[in-house]
Visitor: 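What follows is a structure written as structure tokens; I'll ask about it next.
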Amino acid sequence: MPEDVIVILNPRAGAGRAERQSTSLREALRSEGIRPEFRRTTSEGHATELVREALRSGAPGVAVVGGDGTLNEAVNGYFEPDGTLITPGAWLAPLPCGTGGDFRKSAQIPKSIH
């Protein structure tokens, strides 16, 4: 049975590479039985809001396409402003696509898949 997954995407990440590759990412996810729902960020802090909305509405986790800043914002979205965890056990799938790549390098994610 196909699984719905919310994908938070920063369209400016990687000098626009994230947006340019969104169609191929959608196709790759669909080929694995995943129905992605892309939600694009529009401003600083927006990834935090999008993740909070997704978790509050019952999503079991989110995938995040972007750079280190987008990933940082997404992690913050797992918590209410007072620090309370929104959904204990919710998963996070980082799909690094930034220009600096500090997280990708620290996590030893090969550059060929970001």
Side-chain angles (χ1 to χ4, degrees):
M1 172 176 257
E3 180 180 355
D4 294 332
V5 172
I6 294 174
V7 179
I8 308 299
L9 182 132
N10 177 349
R12 295 182 307 205
R17 184 174 62 248
E19 181 64 36
R20 290 190 302 274
Q21 293 182 348
S22 64
T23 300
S24 60
L25 175 59
R26 179 184 310 277
E27 291 170 6
L29 292 171
R30 285 183 177 164
S31 74
E32 295 297 322
I34 297 168
R35 291 187 305 232
E37 179 185 328
F38 283 82
R39 298 182 183 177
R40 287 166 171 76
T41 63
T42 59
S43 60
E44 186 175 331
H46 195 206
T48 300
E49 295 172 30
L50 291 173
V51 171
R52 283 183 181 146
E53 290 171 7
L55 296 176
R56 288 174 184 154
S57 69
V62 298
V64 180
V65 180
D68 297 327
T70 306
L71 181 58
N72 180 60
E73 287 184 14
V75 169
N76 289 332
Y78 279 72
F79 301 88
E80 296 288 2
D82 68 0
T84 304
L85 185 61
I86 294 174
T87 306
W91 53 265
L92 171 68
L95 302 170
C97 193
T99 52
D102 289 337
F103 171 78
R104 180 187 57 74
K105 293 171 190 171
S106 295
Q108 299 180 350
I109 298 171
K111 192 171 185 176
S112 62
I113 64 166
H114 82 286

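Owing to the predicted nature of the structure, the values given are computational and were not obtained by experimental measurement.
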Visitor: Heavy atoms only: give me the nearest P11-E19 pair and the separation to one decimal.
Guide: CB-OE1, 3.3 Å
Visitor: Does some side-chain heavy atom of L95 sit less than 4.5 Å from a side-chain heavy atom of L25?
Guide: yes
Visitor: Over all heavy atoms of both residues, which pair between G14 and R20 is shortest? Give the atoms and the distance, please.
Guide: O-NH2, 4.2 Å
Visitor: Heavy-atom distance under 4.5 Å between the side chains of R26 and T23, does that happen here?
Guide: no
Visitor: How close do A47 and A74 get, counting heavy atoms only, and between which atoms?
Guide: CB-N, 4.2 Å
Visitor: In the structure I gave you, are the side-chain heavy atoms of L92 and V51 within less than 4.5 Å of one another anywhere?
Guide: no
Visitor: Do V62 and L50 touch side chain to side chain, with heavy atoms closer than 4.5 Å?
Guide: no
Visitor: Do you know the tightest heavy-atom contact between R30 and P36?
Guide: CG-CD, 3.9 Å
Visitor: Can you tell me how far apart CD1 (I8) and CZ (R40) are? Round to the nearest 0.5 Å.
Guide: 11.0 Å
Visitor: Nearest 0.5 Å please: distance from the OG1 atom of T42 over to the CD atom of E49.
Guide: 8.0 Å
Visitor: If you compare all heavy atoms of V65 against all heavy atoms of T70, which two are closest, and at what distance to 0.1 Å?
Guide: O-CG2, 4.2 Å
Visitor: Ion pair present between R39 and E37, side-chain N to carboxylate O less than 4.0 angstrom?
Guide: yes
Visitor: Any sub-3.5 Å donor-acceptor pair from R52's side-chain atoms to F79's backbone N or O?
Guide: yes
Visitor: So which atom in T41 and which in N10 form the shortest heavy-atom distance, rounded to 0.1 Å?
Guide: OG1-CA, 3.3 Å
Visitor: Between E3 and I34 (side chain of the first, backbone of the second, donor and acceptor by atom type, cut-off under 3.5 Å), is there such a pair?
Guide: no
